[in-house]
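Any value given below was found using the heavy atoms of this structure, including those in side chains, with hydrogens, waters and symmetry copies removed. Here is how names work: the chains are called A, B, and so on, in the same order as the sequence lines, proteins then strands, and each is numbered from 1. Keep in mind the model is a prediction, meaning the values are calculated, not measured.
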Amino acid sequence: MNVNKFQQDLVTWYEAEKRDLPWRRERDPYKIWVSEIMLQQTRVDTVIPFFHRFMEQFPTVESLAYADEEAVMKAWEGLGYYSRARNLQSAVREVAESYGGTVPADKDEFLSLKGVGPYTGGAVLSIAYGLPEPAVDGNVMRVMSRLLALWDDIAKPASRKVFEQAVRHVMYEKDPSSFNQALMELGATVCTPTSPACLLCPVQNHCEAFEQGVQRELPVKTKKKSDKKVRMGAVVLQAPDGTVLIEKRPKKGLLANLWQFPNVELPVGVNPRAALESFIQAEFGMTAQIQSEKSTEIIHVFSHLTWEIDVYIGTIELKSAKDRTKFVSKEDVETYAFSVSHQKIWQHVKGMEA
DNA sequence: AACTCGGGGGG
DNA sequence: CCCCCAGAGTT
């Protein structure tokens, strides 16, 4: 490959064809950083509205550093991978306290922040500060695997270093920001996973896979094994004063710190209603009257498991608030950050009453 | 190195 | 249905 000409063709194409994305209008390293965290494993179109709302609410390092954690989680509600939000706020606090509010331009310093890994580190340092660091994401691995006909399995962690070295080899030192973004843009819009648009590709001449006619065989990616299913029972419990019981999830693990309605895993064969009533008694010390028939069923698919949630409706006579639980009015339920599956539960219950 | 961690859009 | 997305942290 003629590296020099490749760089020119790629960056020229990028400058002419790049999408007008909100974070591309920003120079503030903090805003670039937030965008890169949101974009982890998340499509551009999904991120855009979250990015706008987040920047309106938390426009500076300080505003996020000193924000209420519940407000941050509410702003992240529905975006997924919620540890990103907690790690980001933690890292921003570190920037406020240890770096005087300035996002560090030093590689070791920035990479030491929570939630900043090899990709995000390279992305922010190159885009915000112009440093010639690779930013290897799924797009870049796919593009580089085709360009250089690299047959390394991109599903394997060890392969990332191979692609980082490949990017270093072709890095456009004059404009690392445009170069890195151009590689990603190419992967997102032209060099796509299943049917690459090679006839429209600005660097077709430089592509080894196209030369060999193997662009559809690359990249090599072994697939992970299938997920498991879990059957759950969930119940919306109303007290005599009209409030409903919600509970905050544990601070570690799946959907950490998000709010939910009381629920319990249902082993095969158990009576869901009976299981829920005894769970409520044991976990919350309250006696619940639960309707005999489930009100609806919600299927929720995560990346690694599936919830089948039988949703019940019930009442309790005596309120007894415990740690991490609350009785909230129906108007206030939506001010708390719920996972999408439990948002759906609440939408269903509201629809029943309307 | 393998597993965990969300949710949604496209073929 | 399946794939996979501007990945990082934990084990």
Q: Pick the C1' atom in B:dC5 and in C:dC4, then give their distance to the nearest Å.
A: 15 Å
Please report, to 0.1 Å, the donor-acceptor pairs under 3.5 Å made by any side chain of residues 111-122 of chain A, with sequence neighbours excluded.
residue	atom	partner	partner atom	Å
A:Ser112	OG	A:Glu109	O	2.7
A:Tyr119	OH	A:Glu36	OE1	2.6
A:Thr120	OG1	A:Gln40	NE2	2.9

Q: For residues 45-66 of chain A, pull every pair meeting ring pair (Phe, Tyr, Trp, His ring centres under 6.0 Å), keeping only residues two or more places apart or in separate chains.
A: A:Trp23-A:Phe51, A:Phe54-A:Phe58, A:Phe54-A:Trp76
Q: Sorted by first residue and then second, give each ring pair (Phe, Tyr, Trp, His ring centres under 6.0 Å) pair with at least one member in residues 172-205 of chain A; sequence neighbours left out.
A: none
Q.
Please give me every residue in residues 9-25 of chain A whose heavy atoms get under 4.0 Å of an atom in DNA chain C, ordered by residue number.
A. A:Arg19, A:Leu21, A:Trp23, A:Arg24
Q | Distance, nearest 0.5 Å, that separates OG of A:Ser178 from CG of A:Leu10 | A | 9.5 Å
(Q) Between the side chains of A:Arg24 and A:Asp20, is the shortest nitrogen-to-carboxylate-oxygen separation below 4.0 Å, so that they form an ion pair? (A) no
Q.
Taking the nucleotide of DNA chain B with the nearest heavy atom to each, does A:Leu79 or A:Lys156 sit closer to the 5' end?
A. A:Lys156
Q: Starting from P on B:dG7, measure out to CE on A:Met73 and report it in whole angstrom.
A: 10 Å
For residues 229-240 of chain A, dump all side-chain donor-acceptor pairs below 3.5 Å to protein atoms at least two apart in sequence or in another chain.
residue	atom	partner	partner atom	Å
A:Arg231	NH2	A:Asp310	OD2	3.4
A:Gln238	OE1	A:Lys330	NZ	3.1

Q) Which part of the nucleic acid does A:Gly78 contact within heavy-atom distance under 4.0 Å: base, sugar-phosphate only, or nothing? A) sugar-phosphate
Q.
Base, sugar-phosphate or nothing for A:Ser339? Non-hydrogen atoms, less than 4.0 Å.
A. sugar-phosphate
Q) Rounded to whole angstroms, how far apart are NZ on A:Lys228 and C1' on B:dA2? A) 14 Å
Q) Taking only residues at least two apart or on different chains, which pairs with a member in residues 129-146 of chain A satisfy salt bridge (charged side-chain N to carboxylate O under 4.0 Å, His left out)? A) A:Lys107-A:Glu133, A:Glu133-A:Arg168
(Q) Over all strands shown, is A:Thr42 touching base, sugar-phosphate only, or nothing at heavy-atom distances under 4.0 angstrom? (A) base
Q: Pick base, sugar-phosphate or nothing for A:Thr46, based on heavy-atom distances below 4.0 Å to the nucleic acid.
A: nothing
Q. Please give, in whole Å, the distance from B:dC5 P to A:Trp76 CH2?
A. 18 Å
Q: Mind listing the residues from residues 157-184 of chain A sitting with a heavy atom below 4.0 Å of DNA chain C? Number order is fine.
A: A:Met184
Q: Name all residues meeting the ring pair (Phe, Tyr, Trp, His ring centres under 6.0 Å) criterion together with A:Phe6; count only those two or more places apart in sequence or in a different chain, and write none if there are none.
A: A:His206
Q. Mind checking the P distance from C:dA6 to B:dG10? Whole angstroms is fine.
A. 12 Å
Q) Looking for any heavy atom pair under 4.0 Å, which part of the strands does A:Phe302 touch: base, sugar-phosphate only, or nothing? A) sugar-phosphate
Q. Using Watson-Crick and G-U wobble pairs with both distances under 3.5 Å, what is the 5'-to-3' dot-bracket string of DNA chain B, with [ ] for crossing pairs and | for pairs outside the strand?
A. |||||.|||||
Q: Could you tell me the separation between the CE atom of A:Met38 and the P atom of B:dG8, rounded to a whole number of Å?
A: 15 Å
Q: Verify the contact: side-chain N or O of A:His304 to OP1 or OP2 of B:dT4, cut-off strictly under 4.0 Å; return yes or no.
A: no
Q.
Less than 6.0 angstrom from the centroid, inside 45 degrees of the normal: does A:Lys294 satisfy that with respect to the ring of A:Tyr312?
A. no
Q.
If you compare every side-chain N and O of A:His300 against the phosphate oxygens of B:dG7 (OP1, OP2), does one of them come in below 4.0 Å?
A. yes
Q) Which is true for A:Thr120 with a 4.0 Å heavy-atom rule: it touches a base, it touches only sugar-phosphate, or it touches nothing? A) sugar-phosphate
Q: Could you walk me through whether A:Glu70 and A:Lys248 pass the salt bridge (charged side-chain N to carboxylate O under 4.0 Å, His left out) test, one step at a time?
A: CA-CA 11 Å; A:Glu70 294 278 348; A:Lys248 197 172 188 178; 2.6 Å; yes
Q | Earlier contact from the 5' end, DNA chain C, for A:Arg43 and A:Lys252 | A | A:Arg43
Q) ring pair (Phe, Tyr, Trp, His ring centres under 6.0 Å) with A:Phe110: which residues, sequence neighbours excluded? A) A:Trp33
Q.
When the P atoms of C:dT10 and B:dG6 are compared, how many Å lie between them, rounded to an integer?
A. 14 Å
**Q.** Qualifying residues under ring pair (Phe, Tyr, Trp, His ring centres under 6.0 Å), relative to A:Trp346, sequence neighbours excluded
**A.** A:Phe261
**Q.** Ion pair A:Glu97/A:Arg93, N-O distance below 4.0 Å
**A.** no
Q: May I ask you to say whether A:Lys251 pairs ionically with A:Glu69, meaning some side-chain N is under 4.0 Å from a carboxylate O?
A: no
Q: Could you state the atom-to-atom distance from CZ of A:Arg216 to P of B:dG11 in whole Å?
A: 13 Å
Q) When the distance from CG of A:Asp45 to C1' of B:dG6 is rounded to whole Å, what number comes out? A) 17 Å
(Q) Can you give me the first and the last nucleotide of DNA chain C (5' to 3') that has an atom within less than 4.0 angstrom of a non-hydrogen atom in chain A? (A) C:dC3 to C:dG9
Q | Spacing between A:Leu254 atom CG and B:dC3 atom P, to the nearest angstrom | A | 17 Å
Q.
I want to confirm an ordering. Mapping A:Thr194 and A:Glu185 to their closest nucleotides on DNA chain C, which one lands closer to the 5' end?
A. A:Thr194
Q | Protein-nucleotide distance (A:Trp307, atom CH2; B:dG7, atom C1'), rounded to Å | A | 13 Å
(Q) Within the 4.0 Å heavy-atom criterion, would you say A:Val140 contacts the bases, only the backbone, or no part of the nucleic acid? (A) nothing
Q. Does a salt bridge link A:Glu56 with A:Arg53, judged by any charged N lying under 4.0 Å from a carboxylate O?
A. no
Q.
I'd like to know if the side chain of A:Arg249 reaches the main chain of A:Ala256, judged simply by a donor and an acceptor atom lying under 3.5 Å from each other, with no hydrogens or angles considered.
A. no
